[in-house]
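Quick notes on the structure that follows.
Residue numbers start from 1 in every chain, and the chains themselves are labelled A, B, ... in the order their sequence lines are given, proteins ahead of strands.
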Amino acid sequence: MFNKTLTELSAALREKQLSSMELTQAFLDRIDKYSALNAFITVDAERSLAEARVADERLVKGKAAPLTGIPVAHKDIFCTEGWLTTCASKMLANFVSPYDATVIEKFKAAGAVLLGKTNMDEFAMGSSNETSYFGPTKNPWDTTVVPGGSSGGSASAVAAGLAPAATGTDTGGSIRQPAALCNLTGLKPSYGRVSRYGMIAFASSLDQGGVLTRTAEDAAVLLNVMAGFDPRDSTSVDRPVPDYTATLDHDIKGLRIGLPEEYFGEGLSQEVARLVETAVEEFKKLGAKIVEVSLPNSNLAVPCYYVLAPAEASSNLARYDGVRYGFRAEEYSDLLDMYRKTRSQGFGAEVKRRIMIGTYALSAGYYDAYYLKAQKLRRLIAEDFKQAFEMCDVILGPTAPTTAFKIGAKIDDPVAMYLNDIYTIPVNLAGLPGMSIPAGFAADGLPVGMQLIGRYFDEARLLNVAHRYQQVTDWHARMPEGFD
Amino acid sequence: MEWEAVIGLEVHAQLLTKSKAFSGATTKYGAVPNTQACAVDIALPGVLPVFNREAARMAVKFGLAIGATINHHSVFARKNYFYPDLPKGYQISQYELPIVTKGHIDIEIDNSRKTIGVTRAHLEEDAGKSLHEDFHGMSGIDLNRAGTPLLEIVSEPDMRSAKEAVAYLKKLHELVRYLEICDGNMQEGSFRCDANVSVRPRGEQKLGTRTEIKNVNSFRFVEKAIDYEIERQIDVLESGGTVVQETRLYDSDKNVTRSMRSKEEANDYRYFPDPDLPPLVIDDAFIRETEKTLPELPDAKRARFIKDYGLSAYDAGVLTASPEMARYYEETVRESKADPKIVANWVTGEVSAYLNRENKEITDSPVTPALLAGLLRRVADSTISGKIAKEVFEAMWNGQGDADAVIEKKGLKQITDSGAIEKVIDEVLAKNPKQLEQYRNGQEKLFGYFVGQVMKATGGKANPAQVNALLKKKLGP
């Protein structure tokens with residue numbers, strides 16, 4: 001049952017083939033059995049089973065909501081009432097949230113069972129899950145390689161069948177890149193589609209919550225639950241939420257798929273290129289038209305992002321000061337010393353690096369040269385996409401330049417690490433929806449993902465295109481050896 | 001050398017919204033520490049600000065009242081610095097694009113009018129409070145105030161003396177209270193003032209180096225602090241030194257300003273647009289709607305009081321000093337139908353004296369406009385004299401009922417019976433034969449003496465006009 005889709009599990013629950021208690025227990029058992037993956041930060045079997053019990057009562061009464069009884073794992077960046085919510089940081093290692101994020105409320109309202117809180121890069125800063133205070137998460141396809149990040153715990157958990165689905169967040173690729181590295185479907189909705197309230201901020205203008213699932217259909221089911229305007233988030237957008245499952249089967253004949261030349265150039269591994277090109281052939285068979293497009297400012301996206309995201313982060317993370325909650329250094333001489341020691345000891349190296357970069361970029365005398373300049377580049381990058389979407393309906397390319405790399409291989413080379421997000425970052429800068437779906441396996445046996453990018457609020461089309469592809473391929477259905 | 005002071009003021013006015021600038025928590029003053037701070041105010045992980053548009057309405061109201069430009073598009077920025085009473089590690093404020101720019105306020109000094117420019121007024125949130133006492137050597141933090149909306153009103157450096165600065169500050173204070181956007185309570189910190197002061201040789205165009213005096217919490221202290229600072233800077237310059245750009249704190253006990261931090265130690269606030277908040281958009285409809293809620297402004301009210309009630313400029317000024325005072329006066333005029341000037345005398349005289357003595361606000365006066373009007377009616381219809389009226393007023397102030405009840409209970413009704421008054425006059429004249437003789441020998445000023453004696457004998461109740469007339473008749477030519 002651990003490799004079944006949400007739709008299948010939901011049907012099984014309704015038909016009483018199994019109870020939510022049984023289902024939840026089965027996943028808890030697997031989480032325990034494969035704890036070496038280090039995919040979870042917090043598991044609380046008692047709480048999860050209590051929720052499952054309530055779900056079973058509802059199922060018996062026939063009052064089931066869309067996800068009633070389905071266990072879902074949540075990235076430890078979403079505040080969950082009564083649960084530790086650590087953001088994988090020593091700074092919040094003792095923080096029990098007194099409130100639920102809007103996303104969590106919505107999952108609760110839809111009947112889902114909270115299966116646990118997944119590991120991640122500290123404050124979502126990383127592409128390998130190695131910056132977690134709770135240790136790196138491993139990739140079930142090869143436990144010596146990274147699962148990607150920052151939603152690496154969620155990706156590892158779903159890929160290994162420890163959870164049927166999981167939430168993630170994506171600031172520069174943090175859902176799509178781990179989805180690609182773990183053979184999953186990952187969806188980052190348009191900026192403003194999913195409420196950020198209760199989702200611990202990394203870079204406010206880029207962060208967006210989304211999901212990691214086995215299939216596009218599952219992603220559609222979950223987006224139906226998560227999407228929507230939230231009066232508590234001023235950046236969430238008040239526009240109707242369609243039923244994302246309703247258009248999954250639409251024909252994609254005549255769909256114009258744009259291939260940006262900049263996404264197939266230097267830095268892309270030949271194998272990833274080959275697999276994406278094979279997928280393009282598959283789309284042609286489905287009736288899609290392929291057009292060449294250009295995103296000329298793509299090469300500026302990474303430097304632009306590494307000014308803006310750290311700038312926002314340097315301010316967003318100022319609240320972790322040891323005064324009100326979370327970690328405070330043991331000994332200090334005065335207020336300034338308390339701040340210094342608390343923040344020096346409470347944050348990991350990557351977080352501190354980004355706080356430093358961001359603080360620098362916003363400093364008097366540097367603001368114009370860095371922050372303002374980066375904002376201008378951001379507009380240029382968004383304009384590129386606007387132009388491209390006049391030629392096509394969906395943009396397709398690789399999600400990450402390579403397959404998953406070895407744990408430890410890039411952790412001491414931040415720039416190499418940052419370049420892993422070269423294809424995903426522009427999408428966040430433009431605020432567009434993006435998806436990664438499985439596209440096959442490289443010679444090393446590791447999965448490769450391809451990225452679909454859509455127009456603003458065109459998630460339904462992305463899900464439709466992904467779903468049609470998944471109906472004629474079976475990459476997404478494969479499980480890693482030893483976990484199947 | 002003759003020196004000229006240049007002064008600009010920055011005023012923080014707490015806006016009277018029910019809830020905070022970016023959260024739903026209440027803004028009420030004086031609750032148990034940290035009971036009015038919600039998840040957003042204490043900056044829990046993951047929380048987000050949502051702007052309270054009522055604060056924008058108040059800012060627009062202010063902007064309209066000072067003839068300023070209302071910006072259709074303004075931006076919230078983050079001002080980053082670490083302090084324990086600043087939970088997010090940044091204050092949400094408006095920086096490059098404020099909601100209100102380029103207005104003005106007119107002041108009057110020694111009967112001449114001067115216009116003070118208002119550079120800008122922007123919206124921001126207040127911080128919490130650090131409490132440094134009673135915590136066994138530690139500091140306490142109260143976040144009840146954190147997130148309360150403020151309007152920061154920045155003047156041009158148009159003032160040339162402490163007196164002008166205070167006149168401006170008083171006008172501003174009066175205005176925000178008229179607009180009902182701030183309660184103006186300086187003790188509780190809902191109206192706070194920082195002063196930027198510099199001096200230069202008279203005639204010089206270039207500004208001198210300025211210092212900023214922080215948080216002076218009364219009009220009197222503002223005047224004293226600025227005067228002190230002007231003198232200090234002149235002393236420094238005249239003894240060959242240079243003024244250091246710095247922030248100074250005023251010590252009211254010693255009447256000095258003291259250095260708090262220099263420019264070098266000043267924070268780099270790393271302002272940038274707050275990515276959690278979209279730009280604040282104010283459309284014409286919003287401005288028009290707000291315009292309709294503008295009350296009669298102080299200057300207009302003063303002019304009307306002078307014109308309609310025939311008051312002196314001084315009385316009109318006192319009676320319009322606060323909207324509550326003006327309301328009290330006009331209600332009393334309306335209810336009593338008495339001569340507006342007589343009402344003015346009562347309100348600026350008796351009523352104000354009692355309020356001052358007991359340190360009460362006009363709204364707390366036990367003698368309400370209705371009670372005062374009742375008293376004035378009894379003076380007008382000669383039931384009591386003006387002098388007795390003061391006695392009745394005191395009794396009403398002390399809660400002994402309305403004028404009629406007091407007059408009745410104390411038997412203060414004026415004696416208007418000519419026979420009765422004549423009888424008393426006869427008695428008085430009989431008792432004072434010596435004075436009577438002197439009077440008859442030409443000492444006419446003794447007339448007043450007899451009047452006094454008659455009034456005394458009647459306990460002040462005799463109608464003074466009648467006493468005068470009857471006495472004249474008795475003493476005859």
Are there residues of residues 140-157 of chain B whose heavy atoms fall under 4.5 Å of chain A's heavy atoms? If so, which? B/L143
Honestly, the part of A/Y360 sitting under 4.5 Å from a heavy atom of chain B is neither
Which of the residues [options] is involved in the greatest number of heavy-atom pairs with chain A at under 4.5 angstrom?
options                     : result
B/A43, B/G89, B/A39         : B/A43
B/D274, B/V47, B/V40        : B/V47
B/N80, B/L44, B/V50, B/L277 : B/L44
B/P87, B/G24, B/P278        : B/P87

Could you verify whether a donor N or O on one side chain and an acceptor N or O on the other, from [X] and [Y], lie under 3.5 Å apart?
X      : Y      : result
B/H12  : B/Q14  : no
B/E246 : B/S259 : yes
A/E312 : A/S205 : yes
A/K117 : A/T80  : yes
A/S236 : A/D230 : no

Before we go on, tell me: are the rings of B/F272 and A/Y367 under 6.0 Å apart, centre to centre? no
Can you label the angle between the A/H74 ring and the A/F107 ring as parallel, tilted or perpendicular, going by 30° and 60°? perpendicular
Once you measure the plane-to-plane angle for A/Y320 and A/F123, does it fall in the parallel (<30°), tilted (30-60°) or perpendicular (>60°) bin? tilted
